[in-house]
*Asks:* 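Right, I'll just put the structure down here and ask away after.
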Amino acid sequence: MSTAEAHGNIQTGVLTLQQQREQSTRIDKFVLLCSNLVWIIFGSVLAALALFVALQDQLPLQFRLTWLAVVLMISAVRFKFLRHWNQTTTTAENVNRRILLATLMSFSFAACFGVISYFAVSENNPLGNLLVVMMVTGLVASATAAVVHLLPMYVMYIFPIMLPVAYRFSGFEQVGYHWIAGLIVLYLFITLGISRSIRGSIMQSIHMRYENQSLLASLREEKQRAEVALELAEQANRAKSKFLAAASHDLRQPLHSLRLFTATLELQTRDTQHKTLVSQIDSSVKSLEDLFNALLDISKLDAGTLSVDKRNIYLDSLLAQIEGEFKPLAGEKELYFDVELADHVIFTDALLLERLIRNLASNAIRYTEAGGVVLSTSVEEGRVWLSIEDTGVGIPKADRVRIFEEFVQLGNVERDRNQGIGLGLSIVKRLALLLDVEIRTESTEAGGARFLVGMPLGDRSKCQYLPVGFVETPGEQVDSLFVLVIDDEEEVCLAIEGLLETWGCIVMTATSGDAALKQLDEIGEVPDVVVSDYRLRQGETGGDVISRIREHLQTEVPAIILTGDIAPDRLKDIQSLGYPMLHKPCEPDVLRKLLAGSASSRVLPASNDPRDPEDSVNAGQDVTLRVGER
């Protein structure tokens with residue numbers, strides 16, 4: 001196709017759109033006429049009746065009757081067509097024909113009034129002449145308001161009404177009537193000039209309506225596009241979550257086994273030359289654990305599977321725990337880590353707030369090379385504000401919002417894993433929303449960073465316990481504990497078995513519920529605790545297996561759920577069981593604490609709240625958020 005042809009096609013397309021707009025405008029103009037036409041017909045009939053009566057002395061009865069009959073017939077025809085037009089749709093195909101027909105009927109009606117006006121005026125009857133002039137000028141004025149937007153119809157209405165009277169006055173001998181005839185013609189042209197501005201306003205209103213419709217159409221299209229984009233984004237996010245959940249479960253299984261094998265090997269090589277190598281392997285495994293645990297935390301927070309247990313707690317106890325943990329870590333980098341304790345009571349969830357502060361403190365130490373970190377508190381605006389201030393590299397103003405996004409690390413383009421994985425502050429942001437805690441960031445590029453955490457004030461009279469999770473852990477003796485381990489992967493069974501036997505436990509492993517029941521029947525013993533994977537083969541779950549074992553033995557055997565799932569729905573299902581839950585790869589020390597807790601009590605309360613301070617295994621559920629990222 002040549003350039004000229006393409007240009008011609010574009011012009012044709014533009015003309016087509018322009019013609020469509022013109023057709024739509026004509027339709028709107030005709031519809032507007034129809035909305036006024038009923039009152040035009042009604043007013044015209046009243047005017048005709050008034051003239052019929054008023055001119056009884058000027059015109060013969062037979063003439064007036066004939067004229068009135070013609071006017072009424074035209075009015076009836078107009079009304080009949082008006083009903084038809086209102087009952088059927090005006091389209092681009094019939095609008096021109098309808099306008100033409102309406103114009104002809106309007107002209108006929110105006111001609112009737114022009115004829116009677118011509119014969120009604122008389123040189124010797126000034127009062128009658130005044131009445132006629134008033135009547136026809138009134139009809140012209142009403143037409144200016146009702147049909148001015150249809151210029152041909154308007155012109156063909158006002159001239160047939162007024163010109164016959166003006167012509168008749170111009171033929172009278174008295175000069176005064178000649179002036180009246182001239183004024184009538186002048187009135188017509190002035191009316192035409194005024195009607196132009198009125199017609200322009202009407203047309204502007206019609207065009208503005210089209211522009212509004214176009215704008216609304218554009219907004220609808222934009223909304224539809226935004227909804228489609230949002231749906232695609234949600235689908236992509238769901239697909240990502242499913243992929244992450246599946247990949248996490250499959251990768252956690254060997255990582256879990258590796259973690260337990262490493263812990264077992266470390267116990268067996270404490271006094272050998274291989275201790276350093278085992279320690280390095282363990283460090284690498286823990287780095288992988290940090291990544292998985294951070295991803296799991298975000299998944300749990302987004303899924304809403306964390307129950308918030310707000311209580312009145314002593315902030316000092318929490319900060320003392322933080323100081324005891326992080327002061328040695330800061331000392332390894334030759335940094336100071338000072339905590340200025342003050343007597344404050346806050347109302348919050350102690351465990352989740354601990355994780356939030358841990359992440360901020362860990363982040364402060366990680367990005368500080370000289371100087372140190374100071375934690376201090378103050379009270380302002382009904383909140384206790386915790387300040388975590390470091391002397392590190394600082395945060396540019398443009399990045400103070402971006403640092404709370406996933407995998408954002410300033411100054412770590414090479415992704416040095418010693419600086420973390422970039423999920424700590426993202427978890428802080430989610431925990432802050434969950435706890436109704438306000439986070440503020442202050443920094444100068446050369447003077448370090450300062451994070452402020454605003455927490456609700458608590459009621460000192462209602463502080464019954466020290467913060468949950470900061471009390472001394474009960475004894476961890478697990479010698480001779482009979483543990484039944486159920487996992488559909490033999491490698492995992494072997495890893496747990498090796499670790500537990502190193503601790504002095506008696507271990508029996510099974511890959512399914514049927515196998516576990518069969519072995520229990522053979523030995524005739526009741527296990528002290530059941531440790532079961534959640535997702536087993538052939539659709540079996542750890543919850544199903546534990547229920548079967550309890551029913552078979554008629555004993556509420558304590559149980560612990562192991563899982564590598566991070567899918568929100570699966571986490572909710574596991575949480576609803578009420579058992580302590582460990583995520584693969586699990587921390588050996590935490591597993592030992594749970595086993596020790598089960599050794600102290602044969603019956604575990606099936607509670608959905610694992611954070612009761614009187615629950616001997618309260619460290620089990622949601623344990624990933626408790627142990628933190630070391």
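Start at 1 with the first residue, then count along the sequence. Every heavy atom of this structure was used, including side-chain atoms; hydrogens, water molecules and symmetry mates were not.
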*Asks:* Heavy atoms, side chains only, cut-off 4.5 Å: are V374 and E340 in contact?
*Replies:*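 Answer yes - side chains close enough.
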
*Asks:* Answer yes or no: are there more than 12 heavy-atom neighbours, outside E522 itself, under 6.0 Å from its atom CD?
*Replies:*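 Check passes, neighbour count above 12.
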
*Asks:* Hey, does the side chain of D349 reach the backbone of K310 with a donor-acceptor pair shorter than 3.5 angstrom?
*Replies:*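 The answer is no, because no donor-acceptor pair under 3.5 Å joins these two groups.
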
*Asks:* Using 0.5 Å steps for rounding, measure from the CG atom of D459 to the CZ atom of F347.
*Replies:*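 With rounding to 0.5 Å, CG (D459) is 9.5 Å from CZ (F347).
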
*Asks:* F326 vs L335, test: side-chain contact (heavy atoms from CB on, under 4.5 Å). Steps then yes/no.
*Replies:* CA-CA 11 Å; F326 283 92; L335 304 174; over 6 Å; no

*Asks:* May I ask you to test the R535-T541 pair for a side-chain heavy-atom distance under 4.5 Å?
*Replies:*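 No - every pair of side-chain heavy atoms lies 4.5 Å or more apart.
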
*Asks:* Ignoring hydrogens and geometry, is there a side-chain-to-backbone donor-acceptor pair from D533 to L536 under 3.5 Å?
*Replies:*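 Answer holds: no.
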
*Asks:* Testing I496, V492, V485 for side-chain contact (heavy atoms from CB on, under 4.5 Å) with L562, which one passes?
*Replies:*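 Single side-chain contact (heavy atoms from CB on, under 4.5 Å) partner of L562 among I496, V492, V485: I496.
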
*Asks:* Determine, stepwise, if the pair L484 / V531 fulfils side-chain contact (heavy atoms from CB on, under 4.5 Å).
*Replies:* CA-CA 6 Å; L484 171 58; V531 178; over 6 Å; no

*Asks:* In the structure I gave you, are the side-chain heavy atoms of Y534 and L577 within less than 4.5 Å of one another anywhere?
*Replies:*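 When only atoms from C-beta onward are counted, L577 and Y534 do touch, with a gap below 4.5 Å.
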
*Asks:* Less than 4.0 angstrom from a charged side-chain N to a carboxylate O is my criterion; do D343 and R460 meet it?
*Replies:*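 The answer is yes: the pair qualifies as a salt bridge.
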
*Asks:* Locate the shortest heavy-atom distance separating P580 from L594; write the atom from each residue and the value.
*Replies:*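 Looking at all heavy atoms of both residues, the shortest contact is CB-CD2, 4.3 Å.
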
*Asks:* Quick one: do E227 and R225 make a salt bridge, cutoff under 4.0 Å?
*Replies:*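 R225 and E227: not salt-bridged.
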
*Asks:* What is the minimum heavy-atom distance between P588 and L499, and which atoms define it?
*Replies:*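 Smallest interatomic distance, heavy atoms only, reads CB-CD2, 4.0 Å.
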
*Asks:* So, for I439 and A432, which heavy atoms are closest and what is the spacing to 0.1 Å?
*Replies:*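 Heavy atoms only, the tightest pair is CG1-CB, 3.7 Å.
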
*Asks:* Applying side-chain contact (heavy atoms from CB on, under 4.5 Å) to E540 and V545, what does each step give before you reach the verdict?
*Replies:* CA-CA 7 Å; E540 193 174 34; V545 171; 3.4 Å; yes

*Asks:* Taking side chain as C-beta onward, heavy atoms only, is I346 less than 4.5 Å from I313?
*Replies:*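 Side chain of I346 against side chain of I313, heavy atoms only: contact under 4.5 Å found.
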
*Asks:* Quick check: does any side chain N or O of S362 sit under 3.5 Å from a backbone N or O of N359, one acting as donor and the other as acceptor?
*Replies:*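 No; zero donor-acceptor contacts below 3.5 Å.
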
*Asks:* State, with a plain yes or no, whether a side-chain heavy atom of T563 is found less than 4.5 Å away from one of M581.
*Replies:*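 Touching, per the 4.5 Å side-chain cut-off.
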
*Asks:* Roughly how far, to the nearest 0.5 Å, is the CG atom of L315 from the CG atom of L341?
*Replies:*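 CG of L315 is found 8.5 Å from CG of L341.
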
*Asks:* Are more than 12 heavy atoms, taken from residues, nucleotides or ligands other than E438, located less than 6.0 Å from that residue's CD atom?
*Replies:*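 Enclosed.
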
*Asks:* Are any non-hydrogen side-chain atoms of R440 and F451 less than 4.5 angstrom apart?
*Replies:*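 No, side chains not in contact.
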
*Asks:* Can any side-chain N or O of R537 pair as donor or acceptor with the backbone N or O of D488 at less than 3.5 Å?
*Replies:*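 Yes; judged by distance alone, with no hydrogens or angles, the pair exists.
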
*Asks:* Out of T348, L434, L431, which one pairs with L356 under the side-chain contact (heavy atoms from CB on, under 4.5 Å) rule?
*Replies:*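 Testing L356 for a side-chain contact (heavy atoms from CB on, under 4.5 Å) against T348, L434, L431 leaves exactly one candidate, L431.
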
*Asks:* Taking all non-hydrogen atoms of both residues into account, name the closest pair between M455 and L386 and its distance.
*Replies:*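 Smallest heavy-atom distance, with atoms named: CE-CB, 3.7 Å.
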
*Asks:* Minimum heavy-atom separation for L553 and P527, please, with both atom names.
*Replies:*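 Minimum heavy-atom separation between L553 and P527: CD1-CD, 3.8 Å.
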
*Asks:* Say you draw a straight line from CG of L375 to CD1 of I388; how long is it, rounded to the nearest 0.5 Å?
*Replies:*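 So the CG of L375 and the CD1 of I388 are separated by 5.0 Å.
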
*Asks:* Between R550 (side chain) and T555 (backbone), is there a donor-acceptor pair under 3.5 Å?
*Replies:*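 Flag not set: sc R550 to bb T555 has no pair under 3.5 Å.
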
*Asks:* For the residue pair V453 and I357, establish whether any side-chain heavy-atom pair is separated by less than 4.5 Å.
*Replies:*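 No, their side chains stay 4.5 Å or more apart.
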
*Asks:* Can you tell me how far apart NE2 (H344) and CH2 (W385) are? Round to the nearest 0.5 Å.
*Replies:*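 Output value for this atom pair is 13.5 Å.
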
*Asks:* Taking all non-hydrogen atoms of both residues, which atom of S387 and which atom of L452 are closest, and how far apart?
*Replies:*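 Where S387 meets L452 most closely, the heavy atoms are CB-CD2, 3.6 Å.
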
*Asks:* Is a side-chain N or O of K333 found less than 3.5 angstrom from the main chain of E369, in a donor-acceptor match?
*Replies:*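 Checked: no pair found.
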
*Asks:* How long is the span from the CD1 atom in I365 to the CD atom in E332, to the nearest 0.5 Å?
*Replies:*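 Between I365 CD1 and E332 CD, I get 9.5 Å after rounding to 0.5 Å.
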
*Asks:* With side chains defined as the heavy atoms from C-beta onward, is the minimum distance between Y336 and T368 less than 4.5 Å?
*Replies:*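 They are not in side-chain contact.
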
*Asks:* So, using salt bridge (charged side-chain N to carboxylate O under 4.0 Å, His left out) as the criterion, who are the partners of E501 when residues are at least two apart?
*Replies:*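 Not a single residue meets the salt bridge (charged side-chain N to carboxylate O under 4.0 Å, His left out) criterion with E501.
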
*Asks:* What side-chain donor-acceptor pairs closer than 3.5 Å can you find for residues 505-520, not counting sequence neighbours?
*Replies:*
from, atom 1, to, atom 2, distance (Å)
S512, OG, A515, N, 3.2
D514, OD1, R548, NH1, 3.3
D514, OD1, R548, NH2, 2.6
Q519, NE2, T509, O, 3.1

*Asks:* If the condition is salt bridge (charged side-chain N to carboxylate O under 4.0 Å, His left out), which residues does E323 pass it with, not counting sequence neighbours?
*Replies:*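 Checked E323 against salt bridge (charged side-chain N to carboxylate O under 4.0 Å, His left out); matches are K327.
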
*Asks:* Kindly compute the distance separating OG (S376) from CG (D338), expressed to the nearest 0.5 Å.
*Replies:*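 Reported to 0.5 Å precision, the distance equals 10.5 Å.
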
*Asks:* Looking at V483, V530, L595, I546, which hits side-chain contact (heavy atoms from CB on, under 4.5 Å) with I560?
*Replies:*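 In the set V483, V530, L595, I546, the residue that makes a side-chain contact (heavy atoms from CB on, under 4.5 Å) with I560 is L595.
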
